[in-house]
Amino acid sequence: IPGLMGQLGEKVILALKISEESPVAFLESPESQRILRREFGEIKAKWMLDISRGIDSTPVVPRGPPKSIISERSFPPTTSPDKLKRIMRTLSTLLFFRLKEDAALYRRYPQ
């Protein structure tokens, strides 16, 4: 769970006497919620419960343009030149359209 790694996650594990593999649903029990409120306070306990339910009120912050643009696909091994050409044609077409979209959005072009 994002935000429940490191020291905070370790403290939660110790406070609730659970393991890292314990299901997130364990946080739903009234006893677990009581322990979390006692150990971490009302606000942090509510945040942990919300995060475990997939609720995150943290604002989304735009990160700007991507640093790289790729096109990739998994495909079965082949030694057929025709299949390899089709795969390369597909990948290069996808990459072309991604570069075109990136140029329109960020006004930048590959060099």
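The analysis underlying the following values was restricted to heavy atoms, covering all of them including side chains, and did not include hydrogens, waters or symmetry mates.
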T90: side chain to side chain donor-acceptor pair (under 3.5 Å) partners, not counting sequence neighbours: none

P66 and D102, any side-chain heavy atoms less than 4.5 Å apart: yes

Side chain proximity check, D50 to S57, heavy atoms < 4.5 angstrom: no

Exercise: do D56 and T58 side chains pair donor with acceptor under 3.5 Å: yes

Rounded distance [0.5 Å steps], CG in L8 versus CH2 in W47: 6.0 Å

Short N-O contact, K44 and E39, less than 4.0 angstrom: no

ILVMFWY cluster, I87 and L95 together (side-chain gap under 4.5 Å): no

Nearest heavy atoms of I35 and A15, plus distance in Å: CG2-O, 3.6 Å

Which atom of T78 lies closest to which atom of K83, heavy atoms considered: OG1-CD, 3.6 Å

More than 12 heavy atoms of other groups within 6.0 Å of I55 CD1: yes

Worked verdict on L36 versus L16 for side chain to side chain contact (heavy atoms under 4.5 Å, CB included): CA-CA 8 Å; L36 290 174; L16 297 178; 4.2 Å; yes

Atom pair CZ (R86) and CG (L91), whose distance is rounded to the nearest 0.5 Å: 13.0 Å

From CD (E42) to CD (Q33), nearest 0.5 Å: 9.5 Å

Separation of E28 CD from L49 CG (nearest 0.5 Å): 5.0 Å

Under 3.5 Å donor-acceptor, R98 side chain and I70 backbone: yes

A103 versus Y109, closest heavy-atom pair with distance: CB-CE2, 3.3 Å

Whether over 12 other heavy atoms sit under 6.0 Å from R63 CZ: no

